[in-house]
Amino acid sequence: MRSIRAAATGAVMLSLALAASACGGGSSTGGGSNDSPKELTYWASNQGASIEADKKVLQPELDKFEKQTGIKVKLEVVPWSDLLNRILTATTSGQGPDVLNIGNTWSASLQATGGLLPWDDQQFEKIGGKDRFVDSALGSTGAEGQPPAAVPLYSMAYALYYNKQMFADAGIDAPPATWDEFVAAGKKLSRDGRWGTAMEGSNPSENVHHAYVFAKQHGADFFTPDGKPDFTNDGAVTAVKQYVDLMAKDKIIAPGNAEYAQNQSVSDFAKGRTGMLLWQSASANLTSQGMSEDAYGIAPVPVQSGTPGAGTQVNSMVAGINLAVFKNTDNLDGATEFVKFMTSDTEQKILNTAYSSIPPVKAAQADPAFNTPANAVLKDTLAKSAVALPQVPDESQFENAVGTAVKELFADAAAGRPVTTDSVKAALTKAQQQMPTK
């Protein structure tokens, strides 16, 4: 997910608090209004194989909402590589949507701007109550002790997808459970113009997701217990190097992946160009690109040794998409009604089926439609071995700074420049220097 320029983001973030009273869908009151009760603007994140694929999923549901309420929803599907920068710019300029998708990892950062509608108990009651949602999803909606900044929409976890035929042809009997096994399998698969796996090397947030989990597996974190950046500790450096080394040293990722940022890694796997894929809830995306469900298997993401669990055995971040409302929307009632519609039991089943994600709404999650083998891996991961990214105000800056550092290291690897412990530490030192000072 989510590529943005560090300098631009830093400048925007510095002005967010000042701009919070002038953000959103057009109201100048700073507190929301109902001046435009018959229309809404909605920024949706790119969840499917393409923007057009998302429009095909979402537009019929928005038409259904308009028929029920008389409120027309203007849809824009925004690529992950642009979304955070678009949100920050909208918060600064005051020209933004009424309702928008946010990566759940951004919740605390965007909450800190004051630009999003707080979802206190009274606001939650308007959409059926907070107890409709599973606890793991609510845990990534903002800083602890504050009303959530958004409402869970899709829940996801990373899994390992593997091409059964390519595994058989390469003599690989089972999906890898450890990273050593993953690299060994990748080397067997990297032949005849094919590669072991693919990564979105130019996507900062996708990079951060993997780097963070690798760090946890090495007993490290990117923040101290009191929330201060600590990007250059030995565990974090080792984690980033291990991730980039999949291309730089192990050579199981094509150098061209250093430029991937638009879900190309999913397409490569669907087209048989790679034998493995690490992705969030990929089944529907693969199906939409013509890959039969029988053609691939699904397993937990590898760990350093042993089996997935808590502590150093985590193997995914708590992934997901939340639905937020700009505080000064000019259709506050309509925006709330739209959130209620999108998180209704019926729509949760439709939307999460379309995106092969897990409904964060309890009643929808319990539906038999979500008791598939693929969902079993995702549910088990979310319940036992996934960890939330830091819910700190500087989280989005962390994603951008560290994710961009990893992006630049992938560029070095693709160009044949050495990726060493020293070069990784230098990149992370530069990233830490970009973080706000208190």
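Between the CD atom in Gln280 and the CG atom in Asn285 there is a gap of 11.5 Å [rounded to 0.5 Å]. With values rounded to the nearest 0.5 angstrom, Leu88 atom CG is found 8.5 Å from Thr113 atom OG1. Considering CE of Met435 and CZ of Phe223, their distance stands at 4.5 Å, rounded to 0.5 Å. Separating the CG atom in Asp169 from the NZ atom in Lys164 is a distance of 14.0 Å, to the nearest 0.5 Å. Atom NZ in Lys241 sits 12.5 Å away from atom CG in Leu428 (nearest 0.5 Å). In this structure, Asn163 CG and Lys271 NZ are separated by 13.0 Å, a value rounded to the nearest 0.5 Å.
The two residues Gln313 and Thr307 come nearest to each other via the heavy atoms NE2-O, 2.9 Å. Shortest non-hydrogen contact noted between Ser357 and Ser155 is CB-O, 3.4 Å. Residue Gln217 comes nearest to Val303 through the heavy atom pair NE2-CA, 3.6 Å, listed as atom of the first residue, atom of the second, then distance. Nearest approach of Pro176 to Pro302, heavy atoms of both residues: O-CG, 3.8 Å. Of all non-hydrogen atoms in Val266 and Gln289, the two that sit nearest each other are CG1-NE2, 3.8 Å. Scanning both residues, Ala254 and Met247, for their nearest heavy atoms gives O-CE, 3.4 Å.
Counting only distance, with no hydrogens or angles, the side chain of Gln365 and the backbone of Lys379 share no donor-acceptor pair below 3.5 Å. No side-chain donor-acceptor contact under 3.5 Å links Lys425 to the backbone of Val237. For Asp98 (side chain) and Thr329 (main-chain N/O), no donor-acceptor pair under 3.5 Å exists by modelled atom type. Side-chain N or O atoms of Thr41 include none that pairs as donor or acceptor with a backbone N or O of Pro97 at under 3.5 Å. Ser109 places a side-chain N or O within donor-acceptor distance of the main-chain N or O of Glu395, the cut-off being under 3.5 Å. Side-chain atoms of Lys251 come within 3.5 Å of backbone atoms of Ala248 as a donor-acceptor pair (strictly under, hydrogens ignored). Put simply, the side chain of Asn233 gets close to the backbone of Ala236: a donor and an acceptor are under 3.5 Å apart. In terms of modelled atom types and a separation under 3.5 Å, the side chain of Ser190 and the main chain of Lys187 share no donor-acceptor contact. The closest donor-acceptor contact from the side chain of Glu76 to the backbone of Ala44 lies at 3.5 Å or more, if one exists at all. At distances below 3.5 Å, at least one donor-acceptor pair connects side-chain atoms of Gln111 with backbone N or O atoms of Ala143.
More than 12 heavy atoms of other residues, nucleotides or ligands sit less than 6.0 Å from atom CG of Asp120. Enclosure of atom NZ in Lys130 by more than 12 non-hydrogen atoms of other residues, nucleotides or ligands within 6.0 angstrom is indicated. Other residues, nucleotides and ligands contribute over 12 non-hydrogen atoms within 6.0 Å of the CD atom of Gln146.
Remark: of the listed residues Trp43, Trp106, Tyr260, Trp106 is the sole one forming a ring pair (Phe, Tyr, Trp, His ring centres under 6.0 Å) with Trp80.
For the 3.5 Å distance criterion, the side chains of Asp412 and Ser423 fail to qualify, holding no donor opposite an acceptor. Side-chain atoms of Asp268 and Gln264 include no donor-acceptor pair closer than 3.5 Å. Inspection of the Asn322 and Asn104 side chains reveals no N or O donor paired with an N or O acceptor under 3.5 Å. Side-chain contact annotation: Tyr243 with Asn207, donor-acceptor N/O pair under 3.5 Å present. Between the side chains of Asn101 and Tyr42, at least one donor-acceptor pair of N or O atoms lies under 3.5 Å. Donor-acceptor pairing under 3.5 Å is lacking for the side chains of Gln304 and Thr312. There is a side-chain donor-acceptor pair under 3.5 Å between Thr224 and Asp226.
Taking the six-membered ring for Trp and thresholds of 30 and 60 degrees, Tyr161 and Phe269 have ring planes more than 60 degrees apart, a perpendicular arrangement. Trp179 and Phe214 have tilted rings, their planes meeting at an angle from 30° to 60° on a 0 to 90° scale. A tilted orientation is assigned to the rings of Phe398 and Phe231, their planes being inclined by 30° to 60°.
Looking at residues two or more places apart in sequence or on another chain, you find a side chain to side chain donor-acceptor pair (under 3.5 Å) between Ser283 and Tyr296.
At a threshold of 4.5 Å between non-hydrogen side-chain atoms, the residues Ser205 and Thr105 do not count as touching.
Here Arg86 does not pair with Asp82 in a salt bridge; the nearest charged N to carboxylate O distance is not below 4.0 Å.
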